[in-house]
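Here is the structure we will look at.
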Amino acid sequence: MNSIDIYHQEKEDVIPTGIEKLDDLLEGGLRYKRIYEICGSSSSGKSQLCHWISLHATINALRVYYIDCSRNFSTSRIQMILESKQCSDIIIGKVMSNIIVHQISTINDLFTIFHNLSKMTNTGENELNKKLVIVDSLSVLCTTVANNELNPILSNFASVSRFFINYFNAIIINVNTIKIVHKGDLFCDKDKHLRADMKPSLGNYWLSIPNIRLLIIAIENTQREISIWNSYQLANGKKCLVDIRDDGIT
Amino acid sequence: MNTELVIESGLQVIGRLIDRPSVQDLDNDLFFNKLENTDIIEIKGTISSGVSILLSKLIAKCILPLQYNGLGVEVLFINTENQFQMSNLYNVVRSNVCDFHGPINVDNLVKEMLNNLKIINCYNHSQFLLILNSLDNILLKYKGIGFIIVDSISAYYWQQKDYLSYDLYLIKMLNSIKKKTIDFKVVILYTKQFNFESKKKTVYWYEESKIIRYKICLTKNENSNELICDIKSGNDKKQLHYKI
């Protein structure tokens with residue numbers, strides 16, 4: 001492969017997330033040919049963030065495939081955001097028709113979806129052929145997988161994902177939960193050591209698969225802290241505060 | 001007089017006759033025991049310890065032409081993990097060129113140099129094996145390649161059907177690389193996952209320590225943010241502290 005072409009693609013292909021602070025954190029926005037992961041405990045706003053990103057991606061003329069594994073996707077939420085921005089019905093219709101939701105319940109369905117997606121013809125030039133795939137959430141799918149089968153399945157999924165993003169100029173966002181690992185003293189100063197005690201679920205193998213991992217933590221009521229966590233490519237530990245409200249995320 | 005009969009295959013003759021550029025001066029701090037053109041280097045590191053930055057630096061040093069303090073060696077990059085970032089490399093090469101020229105008209109020059117890096121993307125285990133087994137053909141085609149990077153060698157460990165132990169798998173992969181490149185004077189560098197290794201230290205471990213010339217391990221202390229680089233070469237050890 002030609003390294004110059006790769007360089008050009010890397011430089012140009014950025015889509016903003018629609019949250020200014022998060023874009024700054026990601027040095028411009030989401031990049032094509034990357035696998036992202038959003039980690040957070042339950043009700044920390046992972047799905048909210050995914051809703052917002054997918055909505056914003058359709059505005060940037062991307063086709064969004066929302067793979068919903070826990071029946072989390074809510075059209076009324078998207079409608080609510082758009083209406084509060086006083087968008088016309090036409091725009092709402094356009095946004096909705098560009099988000100394609102797949103509701104699945106097993107990991108095999110996930111492979112089937114990717115298989116079908118890659119069979120679709122890709123004519124390259126058309127903007128709408130650029131794809132954003134959101135898997136919400138991968139950890140839910142993997143709960144039913146036996147422990148000794150987890151790594152081979154994840155490894156296959158990683159291969160499929162990498163192939164998919166490179167050939168179809170796509171972005172994949174996985175949602176993952178975190179687990180808390182207690183090391184040594186349980187009674188130590190909680191806040192200070194909290195971060196070191198958290199780990200993404202899905203085991204050690206998965207740790208190095210996503211290109212960029214974001215951690216989202218609930219601070220209070222609507223405030224969330226998003227930070228870059230375990231990334232090979234961006235500076236770690238950088239963070240920003242965002243506000244999740246009825247009319248979107250700022 | 002030496003009476004021993006030497007039988008060479010045609011491939012070996014060509015491999016011997018094509019003069020590969022030397023990579024001896026790649027990095028004297030890291031490779032303190034000198035670097036031969038047939039060595040194997042292992043790099044592993046925790047996430048965010050700077051493995052990809054180190055790779056970019058080494059690649060940049062290789063692909064920069066001699067007049068820019070580089071080595072003028074072409075690099076073959078086998079990309080199995082999709083973690084490599086071209087813009088990183090571009091910036092490193094660019095800043096090197098700028099030191100010589102000042103920041104005028106460097107972009108085209110840098111792009112030309114990036115041509116010295118050949119990338120093969122790889123997506124699954126069988127494809128990986130295929131690439132490793134055609135290394136000799138690739139090396140014959142591209143005569144300037146003197147450095148092969150596999151990032152990472154164990155990406156498909158979980159996809160193999162033989163259920164080998166991690167160390168054994170590693171040795172098997174290394175041997176097939178070695179078999180295909182032994183006639184060519186190329187350095188092989190591979191990365192591997194940090195937290196995986198077989199629990200038992202078996203004979204394979206001994207075998208491994210024989211083939212691998214340098215083992216580099218990057219770690220980051222989560223509490224003090226200190227970065228440490230441990231280098232092992234045979235029985236010699238060295239520790240470096242570095243900053244990103």
Side-chain angles (χ1 to χ4, degrees), chain A residues 1-14 27-28 31 33-35 148-167 172 183 192-193 195-197 200 203-213 228-238, chain B residues 45-53 55 59 63 75 77 79-91 93 107-108 110-125 127-128 151-152 154-161 163 191-196 220 222-223 225 244:
Chain A
M1 271 195 84
N2 193 334
S3 10
I4 295 173
D5 291 346
I6 298 177
Y7 171 70
H8 278 296
Q9 268 179 348
E10 250 183 38
K11 213 175 167 190
E12 286 160 16
D13 287 348
V14 183
E27 293 175 2
R31 273 162 205 280
K33 306 194 176 181
R34 296 264 171 265
I35 301 172
N148 56 342
E149 284 168 14
L150 184 63
N151 280 340
I153 281 183
L154 287 177
S155 175
N156 278 322
F157 179 60
S159 280
V160 171
S161 306
R162 284 171 187 150
F163 173 80
F164 185 77
I165 53 173
N166 275 324
Y167 269 70
I172 294 181
K183 290 179 207 149
K192 202 173 154 195
H193 295 281
R195 195 166 307 234
D197 289 348
N204 280 340
Y205 169 74
W206 186 254
L207 269 184
S208 64
I209 303 300
N211 297 98
I212 289 158
R213 176 174 285 125
I228 291 182
W229 195 33
N230 294 355
S231 151
Y232 280 105
Q233 284 151 5
L234 294 169
N236 274 282
K238 273 208 274 180
Chain B
T46 51
I47 290 172
S48 79
S49 62
V51 176
S52 57
I53 298 172
L55 286 184
I59 295 172
I63 63 175
V75 177
F77 192 98
N79 191 9
T80 62
E81 288 223 312
N82 201 41
Q83 295 282 6
F84 180 70
Q85 222 180 2
M86 189 59 76
S87 41
N88 252 344
L89 176 69
Y90 185 88
N91 292 336
V93 175
D107 283 334
N108 285 331
V110 173
K111 281 172 196 164
E112 216 167 275
M113 289 169 193
L114 286 187
N115 256 337
N116 287 338
L117 173 67
K118 316 281 181 223
I119 297 178
I120 304 181
N121 278 334
C122 177
Y123 300 106
N124 62 38
H125 189 239
Q127 203 184 1
F128 186 53
D151 180 31
S152 76
S154 53
Y156 307 116
Y157 169 67
W158 295 102
Q159 284 177 24
Q160 43 123 11
K161 299 284 187 296
Y163 304 103
T191 61
K192 67 173 209 178
Q193 268 114 336
F194 185 74
N195 17 27
F196 288 97
K220 183 181 180 184
E222 284 293 337
N223 295 326
N225 274 344
I244 295 178

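Lettering of chains follows the sequences in order, A, B, ..., and the numbering in each one begins at 1.
- Taking CG of B:N82 as the start and CG of A:N166 as the end, the distance is 4.5 Å to the nearest 0.5 Å.
- Only the side chain of A:I165 comes within contact range of chain B, with heavy atoms under 4.5 Å apart.
- Interatomic distance, A:N156 CG to B:Y156 OH, rounded to the nearest 0.5 Å: 11.0 Å.
- Closest heavy-atom contact between A:S155 and B:W158: CB-CB, 3.6 Å.
- B:N124 places no side-chain N or O within donor-acceptor distance of the main-chain N or O of A:S159, the cut-off being under 3.5 Å.
- Between A:I209 and B:Q83 the shortest heavy-atom distance is O-NE2, 3.4 Å.
- A donor-acceptor pair under 3.5 Å is absent between the side-chain atoms of B:Q193 and the main chain of A:Y205, judged by distance alone.
- Between the CG atom in A:N151 and the CD atom in B:Q159 there is a gap of 11.5 Å [rounded to 0.5 Å].
- The CD atom of B:Q85 lies 7.0 Å from the CZ atom of A:R31; values are rounded to the nearest 0.5 Å.
- Only the backbone of B:T80 comes within less than 4.5 Å of a heavy atom of chain A; no side-chain atom from C-beta onward does.
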